[in-house]
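This report concerns only the one structure given below.
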Amino acid sequence: MGKDECKTMLDALNKVTACYRHLVIALGSTSDSQNLREELKRTRKKAQELAVANRTKLTSLLKDKSISKDDRAEYERLWVLFSSSMELLEVDMKRSLEIGQDFPLKVPTRHLIQTGMTGSTTTVAARAMSVQNMKYEADSNIDTADLRDLQCEISQVSQMMEEMEMKVQVAPWAVEAKQEAGAELKSNMSVGNSSVGVISICEEEPKEEDGGGNRDAGFASICAVLVFFVIVTVAVVLGYLVINMS
Amino acid sequence: SSGEDIIAWLADRFQVDTQEARNFVSMLVALGYIYPLQDHRRLVIKPDASLYRFQTPYFWPTQQWPVEDTDYAIYLAKRNIRKRGILELHEQEHYNRLHKWMNHKWDFVVMQAKEQYRAAKERKKPDRVVFECQERAYWVVHRPPPGTVSAMDYGLDRLTDPNADEVTGLLCCSFKHYTPLTRSLCFLCSRRLVKYCSTYKSHDPFLSNCLPSNPWLTDDATYWSLNMPSVEIPTKMRVERWTFSFAELLSDPRGRDDFRLFLKKEFSGENLAFWEGCEDLKWGEAATMREKAEHIYKTFLARGAPRWINIDGKTMEVTVKGLKHPHRYVLDPAQTHIYMLMKKDSYGRYQKSPVFKDTVKKAICPEEHRYRHRRPSLSPIILRQMEQEQRAKMAANVDITQLCRFTTPVPHLAVYSGLTDFPTANASPPLPFLVHTPACPSPISVALESTSASERRVEAGGGEGDGDPAAARAPVGGHVSGSRVALSLRRLLRRGCTSASVFASLSPKCHSAAGTSVRIQPIIPDQPKNTVNTKFVFLEIKCDINQAVNDT
């Protein structure tokens, strides 16, 4: 159904946005490198593709006047999610442009900040691209060439966001969130690779998980108490025997 | 690297002494370029072996990227996950607050927090720790824990730089963000503002010298006495203000009196009277609203009313319909119509009229104070005593009670005329009109001008007050207008209170112990002798609805 498709796409966009942010934070530091720049570039492109797909889907859904009120509310909620993701993405793109310009790689001595990070960000990028391993095939002047592309893309994204605001009349403050405070804690148990599954769990059945957690905790504590008493009994018995012996 | 090392390195690098280097490094730490690993909440440099680390450029304050609450919410949610729900107190507060006002984005916040948490988990453990420390340090800088000083504190953001150029310059700098409509509106508003300021600049006692002197500075109250609401000869500045706008003229009691006189000469005084009646209705007591509205209707609006005003049919229709269920603002359309009529028509003529020109000629321009003697002003207690004595004297000279209503008398009706009547009335002024109260000008004064018999009943309660100058204008046996209203009014006069005692019985509800003076001054265009050439003899009754005025 349209809604689930939307949600899946939104989750993917969300994931890529989060990874992109992580990568941008690593820019300019010791974990920066050629590879990072390439990772950034590819993540960004993927994010844009997802964004465009999301936008077309959501606008078509929202333009449909024949949907029910609940449906409309749900789509508006998804729209707010989408626009927030896009805002974050746009901000991160702009920041990556600035930092990228400040920290060029193709200079004789790279001035990268010693932040203490030593590893690479391959895994994060792999997560963003949903691949197992990243293959790097960019040329060596990626930092300057990419920046020009980046500028174009930033303007594209800004334009898209403006269009979005104009075309779709959704009041973001009217949307009610489905999550309560502390909802992020609830689905921690089932952190898996499939983000869709996780989201659906935490949207639909947060209470169930909570109950399960409580049950588990209770069970564990009962076990611990039992074991304690067993040990105490054994100790008492042994002591009694020792006293009797002597 | 440790704190000491950093200081030493910096001192060496920039060739400065250790103290300077230490200051500089402490600033770096406070701003977040370097963060401590232990005791991360206090962003200070410790000259010991405690360790510091450099912050990644993304989290630097250099680029002055706005610090978004959304990001903070995401960070708090992530922290919540990591700490399994145990946040520090101020973090918890922030979290709750953000959850409340950012509720519409909360789904996004939770989703992003989870995704970012998972993304961070993809990295190796030491890097993950570094990452978390970095982010934590960033937020300590930008959302400092309570009780710490933040280097980011720089006060409120101002939209405009006060050191920039003047008004037009200031507006221009933000223009490019506005739509054309907003821009033109801004421009009009600013132009209007500039015009207002330049017009009123010389009249503002703060910005320019007020003549003769600012009483607060010289203790000389001449300025106030010259500008009293009921003064006879206004100052030049005051008269000038009347020319600024019609609203100015009407809001100044003296100006209004002048205007009223002019209208009388033009025989369109009913407009102003109606307007004043409407004002009284708007601002008066709710209890009497209905009667007032009826009275106004009967006097001004009804067919064949004694002072019929000329408003267009549609407004009349609306008003009459509204009067079925009268409320405070029922006469607003009519009032506006009359106001605009007066403004467009009478106001212009007034400014060219001999009345106004006369006033302008007579207006005084006081000399500037020499600042020589600063005598202390009269103590308010003494002033009050004097006032009370005056009032007592006037209460002893109760002349006439007049009923403003065609129906039953309104109990709280106070017919009152100001203290300063005495000197002016005696001098048989060229412009005989009733003056307002001096003490605090009543915002409400209903001037009822009705045609009536030329004879006026002068009945003194406790005996003739011959200090009473009004008595000098004793029964003017002028022409009696033949209108029915006049006859009925005369009958009413006869029937009505014939002694001050009756009036006194009406008065206790509204009068304070000081009593009020009751007097009617007939307004006679010519001198207060027996011949009345004009058609009308005007009786003017001022009713102070506002009881506070009567209180001393």
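Each chain gets a letter, A, B and so on, in the order its sequence line appears, and its residues count up from 1.
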Aromatic ring centroids of B:Trp106 and B:Tyr95 under 6.0 Å? yes
Does A:Glu165, at its CD atom, have more than 12 non-hydrogen atoms belonging to other residues, nucleotides or ligands within less than 6.0 Å? no
Under 4.5 Å from any heavy atom of chain B - which part of A:Arg21: side chain
Return the set of residues passing ring pair (Phe, Tyr, Trp, His ring centres under 6.0 Å) with A:Phe82 (not counting sequence neighbours), or none when no residue passes. A:Trp79
CZ of B:Arg191: more than 12 outside heavy atoms within 6.0 angstrom? no
Who wins among A:Ile99, A:Ile25, A:Leu88, A:Val80 for the most heavy-atom pairs under 4.5 Å with chain B? A:Ile25
Ring pair (Phe, Tyr, Trp, His ring centres under 6.0 Å) against B:His94, all qualifying residues, sequence neighbours excluded: B:Tyr72
Quick one: do B:Met111 and A:Leu13 satisfy side-chain contact (heavy atoms from CB on, under 4.5 Å)? Show the steps, please. CA-CA 11 Å; B:Met111 272 172 69; A:Leu13 177 64; over 6 Å; no
Tell me, side chain or backbone of B:Gln55 under 4.5 Å from chain A's heavy atoms, or both, or neither? backbone
Top residue by heavy-atom pair count (under 4.5 Å) with chain B, among A:Val91, A:Leu81, A:Asp92? A:Leu81
Measure distances from A:Ser83 to the heavy atoms of chain B and classify the residue's part below 4.5 Å as side chain, backbone, both or neither. neither
Between B:Gln134, B:Glu68, B:Gln112, who has the most heavy-atom pairs with chain A when the cutoff is under 4.5 Å? B:Gln112
Tell me which of these, B:Val129, B:Val109, B:Thr56, has more heavy-atom pairs under 4.5 Å with chain A than the rest. B:Thr56
Taking every heavy-atom pair that is under 4.5 Å apart, which of B:Phe131, B:Phe59, B:Tyr58, B:Trp60 has the most such pairs with chain A? B:Tyr58
